[in-house]
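Below is one structure, written out as structure tokens; the observations come after it.
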2 protein chains.
Amino acid sequence: MEVKDKHIVSMMRHQGHKITPQRRAILNVIARSDGHLTPAALYQRVKQRYPRIGLVTVYRTLDLLAGLGLICRVHTDGGCRNYLLRRPEEHHHHLICSGCAKVVDLADCNMAAEAARISGKTGFEIERHLVEFIGRCSHCRQMALAKGF
Amino acid sequence: MEVKDKHIVSMMRHQGHKITPQRRAILNVIARSDGHLTPAALYQRVKQRYPRIGLVTVYRTLDLLAGLGLICRVHTDGGCRNYLLRRPEEHHHHLICSGCAKVVDLADCNMAAEAARISGKTGFEIERHLVEFIGRCSHCRQMALAKGF
DNA sequence: CTGCAAATGAAATTAATTTTCAATAAGTGA
DNA sequence: TCACTTATTGAAAATTAATTTCATTTGCAG
């Protein structure tokens, strides 16, 4: 049981969640993967070390871990299904309102220097990147003010 | 028919794809949305102006448009289902290998100044952001060299 | 050790996505 | 304008993904 695992376990306990062998098995597989996993992939892997596990437990545990901020989502393999028109032809970033879901395009990207720095540091050859900012637009902010929040 | 729509239509034609009224209707709805749309949401909206459309046509058209780079994906509403352990507790970015799917955490974020600049420019109050770099790790690059590519 | 409530998983259900295949129609060339 | 070819469509079916139901199990506090 690694230090990181122990930390996660104590965080879950602190939030009032029980530590079951299924949750340990799931956590183990996630922690030992150096890449990213879909629910189905995770289920296959967990089943090898804990064959009696149910798929629904995997989904539940992922939701729990995500809700507690103990796992991250990654987005780069094209499986996400939330779309908008590509308005600028050139490379751009997105600014998305958490209130009304409006998307603003941000055309001036200045990540080249950062990508080069990361490249030098990690040995990766960086092909592309994605950047999203999330916040409340001026309209949603005004609405919140008008409501007296 | 707006200029942008015309441009998209000619790109599709140039790639050998036919321009059907269904595709026009879908493109219209996407273009007029200032936010992002799931397949189901898009289908509901398209159906209002083109009631005979099939759901599968929506899926196919989205795949076509995404493949041609004419639409973008956005990721910030929590619906994406590709996970990895949250290794650094503090805020971090991800560097993902397009060859082996390995994920490297990038802990030093320097987007605060950029976020403030965007905030001043757009009136948004920015709450958070996400950044992913995609490229090939040194191992995959070596494998490609070893194969003679 | 006991009791309670959270957690589990099989089965069923719902939701999302894709395939099949007959019919339709976009677009080209004459 | 017409005929032809092949891409595209959509209903129905199928597959895959995700969630719910509910009886049973079990983690953990006292």
Side-chain angles (χ1 to χ4, degrees), chain A residues 1 5-6 8-30 36-68 70-71 73 75 77-83, chain B residues 1 5-6 8-30 36-68 70-71 73 75 77-83:
Chain A
M1 175 62 88
D5 293 8
K6 280 182 180 172
I8 293 183
V9 161
S10 71
M11 281 197 70
M12 286 166 71
R13 269 211 177 100
H14 190 252
Q15 295 281 332
H17 303 294
K18 302 186 184 198
I19 307 302
T20 63
Q22 292 89 341
R23 289 178 171 173
R24 282 187 195 272
I26 289 167
L27 200 43
N28 246 285
V29 169
I30 295 176
H36 44 102
L37 292 163
T38 60
L42 178 58
Y43 175 62
Q44 291 305 318
R45 290 199 190 188
V46 174
K47 206 163 57 166
Q48 282 165 20
R49 60 173 55 199
Y50 195 94
R52 304 204 14 258
I53 198 160
L55 176 60
V56 68
T57 301
V58 170
Y59 275 100
R60 285 189 186 126
T61 307
L62 281 172
D63 286 346
L64 177 74
L65 294 174
L68 292 179
L70 299 174
I71 54 176
R73 298 178 200 266
H75 305 283
D77 68 349
C80 308
R81 283 211 181 264
N82 218 324
Y83 301 96
Chain B
M1 176 63 88
D5 293 8
K6 281 183 179 170
I8 293 184
V9 161
S10 73
M11 284 198 69
M12 285 165 73
R13 271 211 175 98
H14 191 249
Q15 296 281 333
H17 302 294
K18 301 187 184 192
I19 308 300
T20 64
Q22 292 90 341
R23 288 177 173 175
R24 283 185 193 274
I26 289 167
L27 200 42
N28 246 285
V29 169
I30 296 176
H36 45 100
L37 292 164
T38 59
L42 179 57
Y43 175 63
Q44 291 305 316
R45 291 201 191 185
V46 174
K47 207 164 56 165
Q48 283 166 19
R49 56 174 56 197
Y50 195 93
R52 301 200 19 253
I53 197 158
L55 176 59
V56 68
T57 299
V58 170
Y59 275 101
R60 283 188 186 126
T61 306
L62 282 173
D63 286 347
L64 177 73
L65 293 174
L68 292 180
L70 300 175
I71 54 176
R73 296 177 200 266
H75 304 286
D77 68 349
C80 308
R81 282 209 182 263
N82 219 324
Y83 300 97

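Residue numbers begin at 1 in each chain, while the letters A, B, ... track the order of the sequences. Just so it is clear, the structure is predicted and the values come from calculations on it, not from any experiment.
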Please give, in whole Å, the distance from C:dA7 P to A:R24 CZ?
14 Å
Most 5' of A:G16 and A:Y43 on DNA chain C, judged by nearest nucleotide
A:G16
Which whole-number value in Å describes the distance from A:K47 NZ to C:dG9 P?
12 Å
Starting at atom CD of A:Q44, determine the distance to atom P of D:dT16, rounded to an integer number of angstrom.
12 Å
Rounded to whole Å, please give me the gap between NE2 in A:H14 and P in C:dA6.
17 Å
Provide, to the nearest angstrom, the distance between the CD atom belonging to B:Q15 and the P atom belonging to C:dG27.
15 Å
Protein within reach of the bases, or only the backbone? For nucleotides 19-30 of chain D, mark each nucleotide 5' to 3' as B, S or -, using heavy atoms under 4.0 Å.
BBB-----BS--
For B:L42 and C:dA16, what is the distance between atoms CG and C1' respectively, to the nearest whole Å?
14 Å
Partners meeting side-chain contact (heavy atoms from CB on, under 4.5 Å) with A:Q44 (sequence neighbours left out)
A:K47
What residues, two or more places apart in sequence or in another chain, satisfy side-chain hydrogen bond (donor to acceptor under 3.5 Å, both in side chains) together with B:R73?
A:Y83
In whole angstroms, how far is the C1' atom of D:dT9 from the CG atom of B:L62?
16 Å
Sequence neighbours excluded, which residues qualify as side-chain hydrogen bond (donor to acceptor under 3.5 Å, both in side chains) partners of A:H75?
B:H75
Salt bridge (Lys or Arg N to Asp or Glu O under 4.0 Å): which pairs involve residues 54-65 of chain A, sequence neighbours left out?
A:D63-B:R81
Would you check if the side chain of A:T61 reaches a backbone N or O of A:T57 as a donor-acceptor pair within less than 3.5 Å?
yes
Quiz: residues 8-20 of chain B side-chain donor-acceptor pairs under 3.5 angstrom, not counting sequence neighbours:
| from | atom 1 | to | atom 2 | distance (Å) |
| --- | --- | --- | --- | --- |
| B:S10 | OG | B:H7 | O | 3.0 |
| B:T20 | OG1 | B:Q22 | OE1 | 3.4 |
| B:T20 | OG1 | B:R23 | N | 3.1 |

